[in-house]
Structure formats: structure tokens, C-alpha cells
Number of protein chains: 2
Amino acid sequence: MAQGLRAHGYKLTAQRLAVLQVMQEGNELLTPAEVLDRGRKIHSRLGMTTVYRTLELLRELGFVRRVHGAEGCRAYAQAREQDGHHLVCQACRRVVDFPCSGLNELIEQTARRTGFSVESHLLELAGLCPACQ
Amino acid sequence: MAQGLRAHGYKLTAQRLAVLQVMQEGNELLTPAEVLDRGRKIHSRLGMTTVYRTLELLRELGFVRRVHGAEGCRAYAQAREQDGHHLVCQACRRVVDFPCSGLNELIEQTARRTGFSVESHLLELAGLCPACQ
DNA sequence: TTCCAAATGAAAGGGTTTTTCAATTGGCCG
DNA sequence: CGGCCAATTGAAAAACCCTTTCATTTGGAA
């Protein structure tokens, strides 16, 4: 992920590396405030503004994805699957990626029926992970 | 929809009827602020607080649904399909409902693979409507 | 008509996200 | 290695959005 930043011409600052590490070390859903808290344990001089900016940057690069769960609409999780979606545990906030294959048929069918051209889609599942059931 | 409110024991106030009418008269995506603006043309004494409360009430009753689009995460649209999802035009914000049948297979497959029990899902499509293409 | 629980909205409160701008810094280049 | 500069940062302020509070109003049952 760090190499990814590099490759796109972004500087590898201590702040970015801290946010990166936070997003990589678990697979939980994290709000910007939580990322700030955890990030400060890695690099004490880390500001809220930078957290917001870095999370959006990582999202643009496809390293993290936003999750619109029940608990507020601004949370981020690591994107492990390329072009995948999230399945979130409502109890422990653990996140699992799953591929979006199988959705295409439904999308095409809907596009045909409505005449819309579908350009993007958002799919999220919520439930209980094996440990929390 | 008004009868629905009645049936659930809610009072039919002028404010609720105004919000209701706003949500019924188009099939656009509307933010609470937009609902307030339009609602005030129908009933000038309408407050922001009531708009928020009424939209949530209508959502609980299944008359409207929240949409988490690109442009902010709090918008509402009329729910025409029972238990359906939204397809939003990115240009004109027109909204079309589509049934969620066909998604169940994907959900079950994902549940089996991950061991999660899936309790809810969120699916939204975005694109261009026939007129805007 | 009377009455009261339900409903309302203005204002205050609270939290989150963005903007601004002066100071800092990563990393290219000589 | 050291200088340089555009990229980056963060504190503070501003902007935004949503919820709570509470005194007042009101729908509709009796």
C-alpha cells in the first residue's frame, strides 16, 4: 500500500504511514475519529484534517472503501478484494470483503428494464460474524 | 400514504401532509433541506425538526427509503416497490425502484462462504436515466 | 365543546467535516 | 551532502448538519 502511494507520486510522510498502518492492521470498520486515535499512538503528531484527507486519498487509490452502515455513514475499511463489497458484523464491526460477481446479472436485468445505464453500484451486507452469533 | 399514517395511529397534521405531498409528487432524490423548502410552499409553518421527524416516520412505515448516494448520505425517495432498492440518475436525480429478487442467491452464497448470518442488505445503483443519456 | 396526549418549532447544543493559511518537510537535483 | 520548492500538514475558524429541549399548539376521541 505504501508502494502504491509512491507509485502515484505521493510523498510517504509519517502521517500517511500511520494512517496506512492503522487501516492495515485490523479488518474492522473505523470512523475517522477512531483512525485518528489509533494513528496518534503510532505518530503522535497527527491531525484530524490529515486523517480525513488521507482516508479519501486511500479510497481514491482503492486501498480502502467507505462503508455506510447503521452507525453513521462515514466509516472506512480496508479493501482487500479488488472491486468487491463489504459484509459487516453488527456486533464486533469486523469486516469481510466479498467479490461482486453474481451481481452483474441483476444489474443488467435492471438496466434493461428501466432504460438506465448503470455506472456504479453500492452493495453492503450486515449481520453477525461466526464468533458473534 | 395518509391513510397509512392514520392506520398506525398517527395524527394527520398539516405538516405531515405537506411532507407527504412533497415525497409523493415527484420521484426525485430529496435532502431534508429540499423537503423543507418544498414543504413550506404547501404549509408555510413547517419546521426543520418536523421534516426530519416525519421523514424518519415515513421511513419506518416503509413509504420512503433513505438513499446513500454520492452527493451526501442523507437523502430520501419515495418507496414504490415493497422491499425494493433504488436506481438513481446521477444527472437529474430521478429515482426508480426495482425489486430485490435475484439478490438472495448472492446473499446466501456469501453467507455460506463467510459463515456470517446476514440480517440486512443495502443495494443502490447509480447511472443515467434514458432522458439524461 | 372539552380535554389531553401527541405533535410542533425556535433556539440551543453537539458533533462532524471542510476551509484557510502559515509553517513544515519529503525527496529531487546539483 | 545540502539546498530548494512544491507537496503536505495541523491549528483554528468556519460551515454544516442533525438532535435535543421545552413551552406552546393542535388533532381527534369522548
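Chain letters run A, B, ... following the sequence lines, proteins first and then strands; every chain starts at 1.
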Sorted by chain and number, sequence neighbours left out, salt bridge (charged side-chain N to carboxylate O under 4.0 Å, His left out) with Arg40(A) holds for none
Which residue pairs pass the side chain to side chain donor-acceptor pair (under 3.5 Å) test with at least one member in residues 123-133 of chain B, sequence neighbours excluded?
none
Write out all pairs satisfying side chain to side chain donor-acceptor pair (under 3.5 Å) with one or both partners inside residues 104-115 of chain B, taking only residues at least two apart or from two chains.
none
Closest nucleotide of DNA chain D for Arg45(B) versus for Arg45(A): which of these residues is on the 5' side?
Arg45(A)
Quickly work out the Gln3(B) CD to dG28(D) P distance and round it to whole Å.
11 Å
Which parts of residues 6-24 of chain A get close to DNA chain D, meaning a heavy atom less than 4.0 angstrom away?
Tyr10(A), Lys11(A), Thr13(A), Gln15(A), Arg16(A)
Under 4.5 Å side-chain heavy-atom separation, chaining through any Ile, Leu, Val, Met, Phe, Trp or Tyr, what else clusters with Leu5(B)? Say none if it is isolated.
Met1(B), Tyr10(B), Leu12(B), Leu17(B), Val19(B), Leu20(B), Val22(B), Met23(B), Leu30(B), Val35(B), Leu36(B), Ile42(B), Leu46(B), Met48(B), Val51(B), Tyr52(B), Leu55(B), Leu57(B), Leu58(B), Leu61(B), Phe63(B), Val64(B), Tyr76(B)
Below 4.0 angstrom, which residues in residues 34-43 of chain B have at least one non-hydrogen atom near DNA chain D?
none
Can you list every ring-ring contact (aromatic ring centres under 6.0 Å, His included) pair that touches residues 104-133 of chain B, not counting sequence neighbours?
His85(B)-His121(B)
Residues two or more places apart in sequence or in another chain: which of them pass salt bridge (charged side-chain N to carboxylate O under 4.0 Å, His left out) with Arg93(A)?
Glu34(A), Glu71(A)
I need the minimum non-hydrogen distance between Ala77(B) and Val67(B), along with the two atoms involved.
CB-CG2, 4.2 Å
Taking every non-hydrogen atom, the tightest pair across Pro130(B) and Gly115(A)
CG-O, 3.5 Å
Treat each ILVMFWY residue as a node, draw an edge where side-chain heavy atoms are under 4.5 Å apart, and state whether Leu122(A) and Leu103(B) are in one component.
no
Between C1' on dC16(D) and CZ on Arg74(B), what's the gap in Å once rounded to a whole number?
14 Å
How would you list, by chain and number, every residue that makes a salt bridge (charged side-chain N to carboxylate O under 4.0 Å, His left out) with Arg38(A), sequence neighbours excluded?
Glu28(A)
Sorted by chain and number, sequence neighbours left out, salt bridge (charged side-chain N to carboxylate O under 4.0 Å, His left out) with Glu56(A) holds for Arg59(A)
Of all nucleotides in DNA chain C that come within under 4.0 Å of a heavy atom of chain B, which is furthest toward the 5' end and which toward the 3' end?
dA5(C) to dA11(C)
Correct closest heavy-atom pair for Gln78(A) and Arg80(A) would be NE2-NH2, 3.4 Å
For residues 50-65 of chain A, which residues have at least one heavy atom under 4.0 Å from DNA chain D?
Thr50(A), Arg53(A)
Donor-acceptor pair, distance only, cut-off 3.5 Å: does the side chain of Arg45(A) make one with the backbone of Gln15(A)?
no
